[in-house]
A.B. asks: 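What follows is a single structure, and I will ask about it in a moment.
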Protein chains: 2
Amino acid sequence: MISATQTNHPLNETDQDSPSAIALQVACNRLKSAGLRITQPRIAILEALIKRSLPASIEQIHAELSATVCDLVTVYRCLAAFEELGLVRRCFFHNGASLYQIALADSPSYHIVDKTSNSVGELDPELAQELSEAMRKIEQKLIARGYTDVSHLVEFFGRAPKHPIDRMQNGALMAEIR
Amino acid sequence: MISATQTNHPLNETDQDSPSAIALQVACNRLKSAGLRITQPRIAILEALIKRSLPASIEQIHAELSATVCDLVTVYRCLAAFEELGLVRRCFFHNGASLYQIALADSPSYHIVDKTSNSVGELDPELAQELSEAMRKIEQKLIARGYTDVSHLVEFFGRAPKHPIDRMQNGALMAEIR
DNA sequence: AAGTTATTGTAAACCATTTAGATCTGTTTA
DNA sequence: TAAACAGATCTAAATGGTTTACAATAACTT
């Protein structure tokens with residue numbers, strides 16, 4: 001609310017019109033309509049996820065919360081709840097640990113985990129798109145056979161080229177995981 | 001055993017010519033040429049894997065070994081070693097636990113985990129083939145970009161139809177995990 | 001058959017994640 | 001607006017799958 005121009009609010013730290021703020025609103029609405037409460041920790045966690053956009057580990061998310069916000073266990077619980085709502089998407093680190101990524105409306109993204117640098121990058125959109133098709137197709141067949149509650153998990157692993165330049169050419173965002 | 005002919009080896013309990021026996025030979029040769037020793041536990045584990053052919057959990061494999069064969073930890077170690085040799089393929093249960101499947105020459109198989117019955121089935125060959133293509137294609141692009149040691153992980157989850165008949169129509173083998 | 005060295009057994013450590021029970025806090029209601 | 005009902009969180013401890021340390025054992029080598 002307020003707003004109009006991002007600009008004339010001197011001490012406007014919450015920036016009500018920014019995409020992030022809107023994303024947060026959307027997320028909170030989803031929580032509300034699912035009958036879940038809008039709590040301090042949940043807001044903070046959502047903000048962290050939205051800010052990062054790339055997958056993050058539970059520890060990492062917890063670490064980003066201003067110390068006093070909440071316990072690690074709460075992060076676990078919130079993310080489990082968010083996942084059930086489809087608010088976040090879960091993927092996996094090469095050691096098997098869970099990573100979570102905000103999932104607001106955008107099409108599913110797939111990741112490549114760099115085992116050398118411990119970072120996670122996104123597959124570029126065209127590849128992701130194509131893969132997404134293939135997966136959907138298979139899921140459809142499974143559903144046609146009577147399977148319900150169908151989901152899938154896809155992860156790529158590898159060692160990234162050493163030269164940052166090459167990595168840039170990927171056009172893929174990368175984020176280090178702890 | 002004592003099979004009606006299969007050949008004429010009266011008390012031939014090890015059935016030297018059976019596909020399983022041959023598979024075991026192949027596996028042992030691979031161990032040997034990798035400089036690993038052919039031990040009691042390893043043979044027993046390989047036999048169990050070959051007999052089952054579908055993915056099995058570590059506990060499950062260990063349970064199938066005649067009590068005195070070896071420790072659970074040894075099963076862990078052997079499977080890790082086998083995986084490194086490419087002798088087994090690893091996939092995942094919906095709780096994140098590892099499952100291992102023998103992998104002798106056959107093309108990669110993909111699985112659907114039934115969250116209701118706790119069983120794992122194989123995707124039928126055509127679907128698997130198709131998916132395998134799609135994955136290879138993406139991996140190729142990653143390699144072209146300089147990634148090395150590239151691998152992937154794909155798993156489907158769902159709840160299988162209640163009627164066994166439907167399940168049979170899948171034409172897919174199913175095996176319960178624990 | 002003896003020696004070497006990988007492999008195994010045992011016990012304990014690890015780590016991510018989950019649970020139990022008490023307490024707190026959003027949200028609803030009066 | 002205050003009381004009251006869940007739902008959510010905190011703390012601590014338990015789980016469960018997997019790994020490690022180190023001494024004992026058993027494959028392979030000669």
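Just so it is clear: chains get the letters A, B, ... in the order the sequence lines come, proteins before strands, and each one is counted from 1. Keep in mind it's a predicted model, so treat the numbers as computed, not measured.
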A.B. asks: Heavy atoms, side chains only, cut-off 4.5 Å: are A:Y100 and A:I102 in contact?
C.D. replies: no
A.B. asks: Check nucleotides 28-30 of chain C for protein N or O atoms closer than 3.5 Å to its own N or O atoms and list the pairs.
C.D. replies:
none

A.B. asks: Taking atom types as modelled and ignoring hydrogens, do the side chains of A:E139 and A:H152 form a donor-acceptor contact shorter than 3.5 angstrom?
C.D. replies: yes
A.B. asks: Would you please test A:R90 and A:Q101 for side chain to side chain contact (heavy atoms under 4.5 Å, CB included) and show each step?
C.D. replies: CA-CA 6 Å; A:R90 182 194 207 169; A:Q101 176 176 35; over 6 Å; no
A.B. asks: Specify the angle, to 10°, made by the local axes at the two ends of the helix from C:dA1-D:dT30 to C:dA30-D:dT1 when five pairs are taken at each end.
C.D. replies: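 The end axes of the helix from C:dA1-D:dT30 to C:dA30-D:dT1 are about 30° apart, to the nearest 10°.
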A.B. asks: Residues in salt bridge (Lys or Arg N to Asp or Glu O under 4.0 Å) with B:R52, at least two apart?
C.D. replies: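 B:R52 satisfies salt bridge (Lys or Arg N to Asp or Glu O under 4.0 Å) with B:E64 once adjacent residues are dropped.
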A.B. asks: Does B:S53 use its side chain to pair, donor to acceptor, with the backbone of B:I50 at less than 3.5 Å?
C.D. replies: no
A.B. asks: Does the A:Q60 side chain pair with the main chain of A:S57, one donor and one acceptor, at a distance under 3.5 Å?
C.D. replies: yes
A.B. asks: Do any of residues 28-40 of chain A sit with a heavy atom less than 4.0 Å from DNA chain C, and if so which?
C.D. replies: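 Residues of residues 28-40 of chain A under 4.0 Å from DNA chain C: A:R37, A:I38.
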A.B. asks: Rounded off to whole Å, could you give me the CZ-to-P distance for the A:R77 and D:dC10 pair?
C.D. replies: 7 Å
A.B. asks: Under a 3.5 Å distance rule, please check whether A:R42 uses its side chain to pair with a backbone N or O of A:R37 as donor and acceptor.
C.D. replies: yes
A.B. asks: Side chains of A:R159 and A:T116: donor-acceptor distance under 3.5 Å anywhere?
C.D. replies: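 Yes, A:T116 and A:R159 have a side-chain donor paired with an acceptor closer than 3.5 Å.
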A.B. asks: What residues in residues 79-102 of chain B put a non-hydrogen atom under 4.0 Å from any atom of DNA chain C?
C.D. replies: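 Correct list: empty, so none.
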A.B. asks: For DNA chain C, find the residues of residues 61-76 of chain B with a heavy-atom distance under 4.0 Å and give them by number; none if there aren't any.
C.D. replies: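 Only B:V69, B:C70, B:D71, B:V73, B:T74 qualify.
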A.B. asks: Step through the shown structure and confirm whether more than 12 heavy atoms of other residues, nucleotides or ligands are within 6.0 Å of CD on B:E133.
C.D. replies: yes
A.B. asks: If hydrophobic clusters are built by linking Ile, Leu, Val, Met, Phe, Trp and Tyr wherever their side-chain heavy atoms come under 4.5 Å apart, do B:V150 and B:Y110 end up in the same one?
C.D. replies: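 Same hydrophobic cluster.
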A.B. asks: Are side-chain heavy atoms of A:I43 and A:L46 found at a separation under 4.5 Å?
C.D. replies: no
A.B. asks: With a 4.0 Å cut-off on N to O distance, would you call B:D124 and A:K141 a salt bridge?
C.D. replies: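 No, B:D124 and A:K141 are not salt-bridged.
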A.B. asks: Is it the case that the side chain of B:D114 and the backbone of B:A160 share a donor-acceptor pair, with hydrogens and angles ignored and the cut-off at 3.5 Å?
C.D. replies: yes
A.B. asks: Please determine if B:E130 and A:K137 form a salt bridge, counting it only when a charged side-chain N lies under 4.0 Å from a carboxylate O.
C.D. replies: yes
A.B. asks: Using only heavy-atom distances, determine whether the side chains of A:D71 and A:H62 contain a donor-acceptor pair under 3.5 Å.
C.D. replies: no
